[in-house]
Amino acid sequence: MSSLTESDAWLALAEHYHEIKDIHMRELFESDADRFDNYSLELNDILYDYSKNRINEQTVKLLLQLANDVDLSAWIEKLFNGEAINHTEHRAVLHTALREQGNKPIIINGEDILPEIKAERQRVKKLAEKIRTRQWRGVTNQAITDVVNIGIGGSHLGPMMVTEALWPHSLHDLNVHFVSNVDENHINDTLENLNPETTLFIIASKTFTTQDTMVNAETARQWYINKLGNDNGIERHFTAVTSNVKLARQFGVAGDNIFKMWDWVGGRYSLWSAIGLSIVIAIGSEQFDELLDGAYEADQHFRSTPLEKNIPVMMALLGVWYNNFFNAQSMAILPYDQHLHRFPAYLQQADMESNGKYVDRQGQEVDYTTGPVIFGEIGIAGQHAFFQLLHQGTKLVPSDILAPVYNFRCIARHHRALMSNVFAQTEALMRGKTEQEAYAELKSEGLDDEQIKQRLPYKVFPGNRPTSSLLFDTLDPKTLGSIIALYEHKIFVQGIIWNINSFDQWGVELGKQLATNILNELNDTEPVCSHDSSTNGLINYYKRRRASDKK
Ligand code: G6Q
């Protein structure tokens, strides 16, 4: 048994689960008129309502005890102070330094990193503003109209999600595209209508060795050369963001166009760094600063608010409650703001790559479950698709609902229709529909008793399905920055409780390594026999098919 599952708080929670598992949230609301006030928190214009969860005072008390038992507050300080908490890579984890507004030095290897962060941010802004104001000229002295970010994983999802989310705040005559897939369709479809003389590429890769990105970058360079007939002026069309400056230079990117990343920023936490160059180009320097401000305010909230009033801490503890005691295997992220349509994909990486680990910080296999399967979709679209399972399926799927109080143009007719769904869904998931209520409804529809008897079982909804709601005024850069940082910190807290390192990603490294090995085997037509029969069979089938294509 691990010390976590033997801790007093864990054992008490396991016992408490048996007391609460059959209590319906309807009862919890009936017995506490102030439940909404008692179980909701605010940060600036963000309201976090967690009252529709299967918890009572005792649950919260025990979950907080669990957080205290693992010394969460001390870990929060270690995070902000730059201790090497990514112990498998001997690295600090300092995405918070990227949005730090204070001047107190943050020392890594004897040096204050803040001046370098600020200097690099200035370089990024300078380039972005030149592009936005059409001062940056391409090979034929034309302004840039299209920017293509080539990157994958952490060098793609964050910038892409934010650029989509803040589209109303962006320049609309400057298009920002994202290419991640090494499938040629992605880059070819993107380049089809672009003009190399007015296109700028950002090769975003911390390592500058990721195969997918490098193959796409090479294709982009060839496209430029093929279209123009030579490589004149190519330095005005290629930039890079990387911690491997040497490889970026070897690729041919001019030194002035290379922006730095540091090893203390994980890819999935890097949108605040120069990896966010595409974001700065889209929304401009001032609004990028607001995004950073919003994240900084969430950082301050996380660092200085008592655990019981701390939004990311409560988000994390609820996740642990369902994951480890209710045995919930998944969690749904359901934004009702169309501009957040890539937020579930972004969080999928942030959460699952961080907490999808089975070995603890001492190198032992854990005896409890860790990160959940994260999935999601725009809430309205989900309602017409997988919400059926949320309402009447056999699995418990705790869900986060995110919705704006105002949206961009805020046409009342649209917005009220949208929000009526938000409120109705959270209420229905909580309350469900009893047999009596279903009976009364069918009766009022004019069905006779025989018809009602047949249909009744299908019209009953058990309810008691947890949702937490995040309502925010409007999806502006500052609010988005806060929301992202709240989720980053939630993930951190869960990693601390589960005693895992949320900041390495050996599973991703494995994929990179395996693909490189097999790539060598695809370079000729010889059959392979070094794998299992399925992998051999698939590779050889592919090779045969390709060989006959060539004939
Ligand atoms: C993120 C991961 C991973 C990484 C990609 C791209 O935290 O490390 O998703 O971002 O594999 O790596 P490069 O930026 O090095 O190309």
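Atoms within a ligand are numbered from 1 in the order they appear, just like the ligands themselves. Bear in mind that the values here come from a model prediction, so they are computed numbers and not experimental data.
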Heavy atom of H156 under 4.0 Å from ligand 1? no
Test N355 against S502 for side chain to side chain donor-acceptor pair (under 3.5 Å), laying out the working first. CA-CA 5 Å; N355 287 341; S502 302; 2.7 Å; yes
D212 versus N181, side-chain donor and acceptor atoms under 3.5 Å: no
Check: G154 N/O within less than 3.5 Å of ligand 1 N/O: yes
Closest protein heavy atom to atom 1 (C) of ligand 1, given as residue, atom name and distance to 0.1 Å: E353 OE2, 2.8 Å
Which of the numbered atoms in ligand 1 are below 4.0 angstrom from a heavy atom of G267? 1 (C), 7 (O), 10 (O)
Going by salt bridge (charged side-chain N to carboxylate O under 4.0 Å, His left out), K478 matches just one of E286, E297, E290. Which one? E297
Can you tell me how the ring of F178 sits relative to the ring of H156, calling it parallel under 30°, perpendicular over 60° and tilted otherwise? perpendicular
In the protein, what heavy atom is nearest to atom 11 (O) of ligand 1, and what distance, to one decimal place, separates them? K512 NZ, 3.0 Å
Do any nitrogen or oxygen atoms of Q349 lie less than 3.5 angstrom from nitrogen or oxygen atoms of ligand 1? yes
Do the ring planes of F251 and F208 sit parallel (below 30°), tilted (30 to 60°) or perpendicular (above 60°)? perpendicular
Quick one: nearest non-hydrogen protein atom to atom 6 (C) of ligand 1, plus distance? I152 O, 3.2 Å
Can you tell me the protein heavy atom closest to atom 15 (O) of ligand 1 and the distance? T207 OG1, 2.6 Å
Ligand-residue contact atoms, ligand 1 with S205, heavy atoms, under 4.0 Å: 13 (P), 14 (O), 15 (O), 16 (O)
Do NZ/NE/NH1/NH2 and the carboxylate oxygens of D231 and R221 come within less than 4.0 Å? no
Residue pair N216 / T219, side-chain donor-acceptor N/O under 3.5 Å: no
State, without any angle test, whether D299 and T96 hold a side-chain donor-acceptor pair at a distance under 3.5 Å. no
Under 4.0 Å from a heavy atom of V508: give me the atoms of ligand 1 that qualify, with their elements. 11 (O)
For ligand 1, indicate whether the residue R268 contacts it via side chain, backbone, both or neither (heavy-atom separation under 4.0 Å). both
